[in-house]
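Computed from heavy atoms alone, side chains included, the values below leave out hydrogens, waters and symmetry copies. Chain identifiers are assigned alphabetically (A, B, ...) following the order of the sequence lines, protein sequences preceding nucleic acid strands; residue numbering begins at 1 within each chain.
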Amino acid sequence: MSDNKSDRLKARLARGFGDRGPAELAATRQMVETIRQTYELWGFEALETPFIEYTDALGKFLPDLDRPNEGVFSFQDDDEQWLSLRYDLTAPLARYVAENWDRVPKPFRSYRFGPVFRNEKPGPGRFRQFLQFDADTVGSGSVMADAEMCMMAADTLEALGIPRGSYAIKVNNRKVLDGVMEAIGLGGDEGAGRRLTVLRAIDKLDKFPVEEIAKLLGKGRLDESGDFTKGADLDLASIDRVIKFTGWLDHGVGSSNTTLVNFEAAVGNSELGLEGVRELAEIAAIVESSGYADRIRIDPSVVRGLEYYTGPVYEAELTFEVKDEDGKPIRFGSVGGGGRYDGLVARFRGEPAPATGFSIGVSRLQAALQALGKGAAEPAGPVVVLVMDKERTGDYLALARSLREAGIPAEIYLGSSGMNAQMKYADRRRSPVAVIQGSNEKEAGEVTVKDLVLGKEMSKKIEDRAAWTEARAGQVTVPEAKLVETVREMLARY
RNA sequence: GCAGCUAUAGCUCAGUUGGUUAGAGCACCAGAUUGUGGAUCUGGGGGUCCCCCGUUCGAGCCGGGGUAGCUGUACCA
């Protein structure tokens, strides 16, 4: 092994992945628990599927090539079959339900949580591994199931401490979007490419002003870096129809009722489109009668992933604004979404299997909660028992054990440094309490218990070393038998 | 992917018209302090100036290419 600096191995995190410390993990644990409770209150049951699936089960082979889509992390097994890391929790659920169709009750209501992986360009707040928490109902084609997802999403956000008014659940319907496409002559296979362009333009309604959207629908748009995005090349009448459909002409999105009127006009006499509008009207009615109308609204800007959704689609958006360290506003935008995917389970089976689901982006939502000041604090460390005399390690272990038996996390110092360094160590661990038993205490059958939190407070008022040392801030010496009691009292202070 | 900007210590950055041994603050480690965290003082470790090629007597600085990051845009099943 050479110690030449130039060929020393460099410790480095893989691009687009992140380590997570105790504070972040504690926050996640708390969030996940809250979401789980809410989902169970709504009658969903737990299910876990593996991180890896056969690529064909995820439906991610490129259509013309014998290899998986680049966006998924994939590799070949020793029998040459392609395996992939899951990129969402919906496709694996579809596989599970199809495989266990005869065993599960229908409709099947389940939830799951875990990391998903996407091989995409990472950016700030955008990782190649992140956490999702999903709930799905498989085997119900009723709009009740869709409405329920939206209402449960609202309940979940509130349970997480996001106040009403700081978020919105927005609902649209792929059938309506398809209907509008038909109405502007972009139905059928030959319109597919431009149809995508139009849908993407609509998807950007909350990002750009209407004039920019109009450019994307027409010839194209030049962005501020000088890059040109080609447009859908629609004629003026069609652009007008799409803009009217969105209802964004002068004051953004209006009430659900107004939006539904716009929708009905925009789909013209497209049968599919009208069906979509009817479904949305039903959802709006359910939401209204359940008392959720102030949180859930029909919104034309929701388009969602353009592939497997077949009916209602929804998105949960945070509407409050937070400033970062530089005073620039951060937009959190969408923290969850979902929709109806009637074809996904059916791929594995001959018969139809309607399904709808909602997915929470746990990582992104956690960042938002952090900014709201609702993130978990750095958790406290264990009580540290200092090792004053290496010959007496057994005694220190016994002290630590008595604390553990009382349910108090405790450890003995395992390094080789002196007392000063051990105190520093305890400080770094964020230990609330240190336990000291040198020869003085031992002889008297006593133990010194030091409140590190209180000590830290006191240190702010003390300037010079001698006074600080003399003060022995926040510590008491008690008989050994009172160790647990004393520590417990100190811990109870915070 | 496309476009613009950037790259010097673990972090934030300075570095003159191209000129000896590349600096600061913070952080880290040690001592002052044989049994007490913080503050203070003293000392210490830490650099392929992103990589390669070129211009030059001489490059952290100039030119070309590459890589990575940031911002916008596209994509996001």
**OP:** Identify whether a stacking contact exists between A:Tyr87 and B:A77, where the ring centres must be under 5.5 Å apart and the planes under 30° apart.
**Re:** yes
So does [X] get a side-chain nitrogen or oxygen closer than 4.0 Å to the phosphate oxygens (OP1/OP2) of [N]?
| X | N | value |
| --- | --- | --- |
| A:Arg465 | B:G37 | yes |
| A:Lys207 | B:A74 | yes |
| A:Lys204 | B:C75 | yes |
| A:Arg428 | B:C28 | yes |
| A:Trp468 | B:G37 | yes |

Subject >> Pair partner, B:U36 [Watson-Crick or wobble, under 3.5 Å] >> reply: none
Original post:
Considering Watson-Crick and G-U wobble pairs with both distances under 3.5 Å, what does B:A68 pair with?
Top reply: B:U6
**OP:** Please confirm whether any donor atom in the side chain of A:Arg304 sits under 3.5 Å from an acceptor in the base of B:C76, or the reverse.
**Re:** no
Mind checking [X] for me? I need base, sugar-phosphate or nothing, with any heavy atom below 4.0 Å counting as a touch.
| X | answer |
| --- | --- |
| A:Arg126 | base |
| A:Lys461 | nothing |
| A:Gln475 | base |

Roughly, in whole Å, what's the span from [atom1] in [X] to [atom2] in [N]?
| X | N | atom1 | atom2 | result |
| --- | --- | --- | --- | --- |
| A:Asn420 | B:A39 | CG | P | 12 Å |
| A:Arg200 | B:U73 | CZ | P | 15 Å |
| A:Asp464 | B:U40 | CG | P | 13 Å |
| A:Leu386 | B:G35 | CG | C1' | 10 Å |

Original post:
Does the ring of A:Phe208 carry A:Arg221 above it, NZ/CZ under 6.0 angstrom from centre and within 45° of its axis?
Top reply: yes
Original post:
In Å and rounded to the nearest 0.5 Å, what is the CD to CD1 distance from A:Gln422 to A:Ile412?
Top reply: 9.5 Å
Subject >> Distance, nearest 0.5 Å, that separates CD of A:Gln76 from CG of A:Leu83 >> reply: 9.0 Å
Original post:
Is the number of heavy atoms from other residues, nucleotides or ligands under 6.0 Å of A:Lys219 NZ greater than 12?
Top reply: no
Subject >> salt bridge (charged side-chain N to carboxylate O under 4.0 Å, His left out) between A:Arg340 and A:Asp342, worked out >> reply: CA-CA 6 Å; A:Arg340 176 159 289 282; A:Asp342 286 349; 2.9 Å; yes
